[in-house]
Amino acid sequence: MTSEIRTIGVIGAGQMGAGIAHVAALAGFDVKLYDIAEDRVAAGMGRIDKSMGRQLASDKITEADKAGALSRIASTTNVADLGDRDLVIEAATEDEAVKRKIYREVCPHLKPEAMLATNTSSISITRLAAATDRPERFMGIHFMNPVPVMKLVELVRGIATEEETFEAAKVFVGALDKTITVSEDFPAFIVNRILLPMINEAIYTLYEGVGSVTSIDTAMKLGANHPMGPLQLADFIGLDTCLSIMQVLHDGLADSKYRPCPLLVKYVEAGWLGRKAGRGFYDYRGEEPVPTR
Ligand SMILES: CC(=O)CC(=O)SCCNC(=O)CCNC(=O)[C@H](O)C(C)(C)COP(=O)(O)OP(=O)(O)OC[C@H]1O[C@@H](n2cnc3c(N)ncnc32)[C@H](O)[C@@H]1OP(=O)(O)O
Ligand SMILES: NC(=O)C1=CN([C@@H]2O[C@H](COP(=O)(O)OP(=O)(O)OC[C@H]3O[C@@H](n4cnc5c(N)ncnc54)[C@H](OP(=O)(O)O)[C@@H]3O)[C@@H](O)[C@H]2O)C=CC1
């Protein structure tokens, strides 16, 4: 069993995987960032460089901090390279089949005592753990988007997660200067059990013609002091991820109130996945974001 975590692997170089690698490297950990294709890994490294540039511009970090952190991140498309890691965090697409396939591929390479975690927004930790060779050393370490800015990390134990695993995860997350909440292993945990139905309701508000994209987001920014409107936030999270979370809630809690809005389904079917696809409820391809309906 790994008593102290010193080396980190991150699977998935998307917005969350890149963010996790970013904060772990800045905190002094040695990091390997893995994705299936070279262009994905390169894009992830580009995200990290840009994100650290924002922190540098606002004097949150120094040039030396950035250079040191970047020197601690290695990128790879070879899953075997994760074999020397103390902790591997999976941050791939919110699709249970994708995650289970990743665990089947990565587990044979891991040290016997290595920990494996998932950044899943919603999927059962207990069920995902059963797809690994180490349910006792598996848990949910759920970062929030954007990772360098958001203070919260949700910790979620599966039914088989050992106390030592939970304690090691707490020490690791504490070293990243994050605040922990502990959620029981039920669909979408705490944050997304509350947040995503709100976002889904905003999409219904648009779908039923109660408001426009602009009026809905303005209403919640100025009326509820949200930093982003719910539709802007949905685009920021990714509409595919939002839909996956609503489907997990709908299937897991068997309550029609979690039915994903048909308009959300339509956007995902169109490939309009939000900021990461250039278009969602807003079109991001011009100077300013423009509502798409
Ligand atoms: C889906 C899930 O499973 C769980 C989830 O994550 S749910 C989503 C949770 N996240 C949210 O709700 C985000 C809500 N939005 C916000 O908090 C803010 O809009 C935001 C922090 C993202 C951006 O803040 P903003 O004031 O609108 O923009 P901006 O001024 O550019 O950024 C504010 C600060 O954050 C920093 N920042 C923003 N994005 C950043 C990034 N990706 N990397 C590093 N720094 C970043 C900026 O550098 C800026 O720093 P200073 O104030 O020191 O200059
Ligand atoms: N977006 C958000 O606001 C938040 C998301 N999360 C969770 O984090 C996870 C990642 O989300 P996010 O970063 O937004 O997703 P993205 O779609 O931005 O990134 C997912 C990354 O995983 C890659 N990937 C897909 N299949 C594999 C595989 N078999 N092996 C390795 N990498 C793979 C994708 O590559 P490709 O593009 O080629 O498929 C992509 O680079 C999800 O579980 C999500 O629910 C948690 C908190 C917040």
Side-chain angles (χ1 to χ4, degrees), residues 10-22 33 35-48 50-51 90-99 101-102 118-123 142-147 149-150 188 191-192 195-207 212-214 216-217 220 226-251 258-293:
V10 178
I11 298 178
Q15 49 184 343
M16 295 308 290
I20 295 165
H22 171 146
L33 179 61
D35 207 310
I36 37 183
E38 198 49 57
D39 67 323
R40 290 281 181 263
V41 173
M45 293 304 292
R47 272 194 188 91
I48 293 169
K50 181 166 172 255
S51 190
E90 171 272 309
T93 311
E94 188 69 344
D95 177 310
E96 185 162 350
V98 167
K99 294 182 184 303
K101 179 172 179 291
I102 288 170
T118 175
N119 190 55
T120 183
S121 299
S122 61
I123 300 169
H142 180 210
F143 291 83
M144 304 293 141
N145 187 10
V147 178
V149 178
M150 306 305 283
V191 171
N192 291 328
L195 181 67
L196 263 291
M198 184 272 288
I199 289 176
N200 195 49
E201 202 56 39
I203 302 169
Y204 268 110
T205 305
L206 177 64
Y207 173 64
S212 67
V213 169
T214 303
I216 290 164
D217 276 353
M220 294 309 287
H226 289 190
M228 280 177 167
L231 301 176
Q232 181 190 3
L233 181 54
D235 277 353
F236 184 64
I237 291 168
L239 300 188
D240 53 337
T241 301
C242 291
L243 179 56
S244 299
I245 296 166
M246 287 312 299
Q247 284 164 336
V248 164
L249 282 166
H250 190 234
D251 298 345
Y258 297 114
R259 184 168 69 92
C261 178
L263 186 59
L264 174 58
V265 176
K266 190 187 294 278
Y267 270 74
V268 172
E269 286 173 344
W272 297 12
L273 305 183
R275 279 172 66 162
K276 66 184 175 183
R279 186 167 39 168
F281 290 110
Y282 294 84
D283 188 330
Y284 299 91
R285 295 173 295 181
E287 280 296 302
E288 288 299 317
V290 177
T292 50
R293 83 188 263 120

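As the structure is a prediction and not an experimental result, all values here were calculated from the model.
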Side-chain donor/acceptor of [X] to backbone N/O of [Y], under 3.5 Å:
X: Gln15; Y: Val147; result: no
X: Arg47; Y: Ala13; result: yes
X: Asn192; Y: Ser122; result: no
X: Asn145; Y: Met16; result: no

Side chains of [X] and [Y]: does their closest heavy-atom pair fall under 4.5 Å?
X: Leu239; Y: Leu243; answer: no
X: Glu90; Y: Asn119; answer: no
X: Thr292; Y: Val213; answer: no
X: Met246; Y: Tyr258; answer: yes
X: Leu233; Y: Leu195; answer: yes
X: Arg40; Y: Met45; answer: no
X: Glu201; Y: Pro197; answer: no

Partner residues of [X] under the salt bridge (charged side-chain N to carboxylate O under 4.0 Å, His left out) criterion, sequence neighbours left out:
X: Asp95; result: none
X: Lys266; result: none
X: Arg293; result: none

Which value, rounded to the nearest 0.5 Å, describes the distance between [X] atom [atom1] and [Y] atom [atom2]?
X: Asn200; Y: Cys261; atom1: CG; atom2: SG; result: 6.0 Å
X: Met220; Y: His226; atom1: CE; atom2: NE2; result: 4.0 Å
X: Ile245; Y: Ser121; atom1: CD1; atom2: OG; result: 4.0 Å
X: Ile123; Y: Thr118; atom1: CD1; atom2: OG1; result: 7.0 Å
X: Thr205; Y: Leu263; atom1: OG1; atom2: CG; result: 11.0 Å
X: Leu264; Y: Glu269; atom1: CG; atom2: CD; result: 10.0 Å

Original post:
Distance only, no hydrogens: is a donor on one side chain within 3.5 Å (strictly under) of an acceptor on the other, for Asp217 and Tyr282?
Top reply: yes
Distance-minimising heavy-atom pair for [X] and [Y]:
X: Ala21; Y: Leu33; answer: CB-CD1, 4.3 Å
X: Lys99; Y: Ala92; answer: NZ-O, 3.0 Å
X: Ala18; Y: Gly44; answer: CB-O, 3.7 Å
X: Leu206; Y: Ser212; answer: CD1-C, 3.9 Å
X: Ala277; Y: Gly271; answer: CB-O, 3.6 Å

Original post:
According to the side-chain hydrogen bond (donor to acceptor under 3.5 Å, both in side chains) rule, which pairs have a member within residues 227-245, sequence neighbours left out?
Top reply: Asp235-Tyr284, Asp240-Lys276
Subject >> Residues that Tyr267 engages under ring pair (Phe, Tyr, Trp, His ring centres under 6.0 Å), provided they are two or more places apart >> reply: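 With neighbours one apart ignored, the set is Trp272, Phe281.
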**OP:** Could you pull out all residues at least two apart from Thr120 that satisfy side chain to side chain donor-acceptor pair (under 3.5 Å)?
**Re:** Glu94
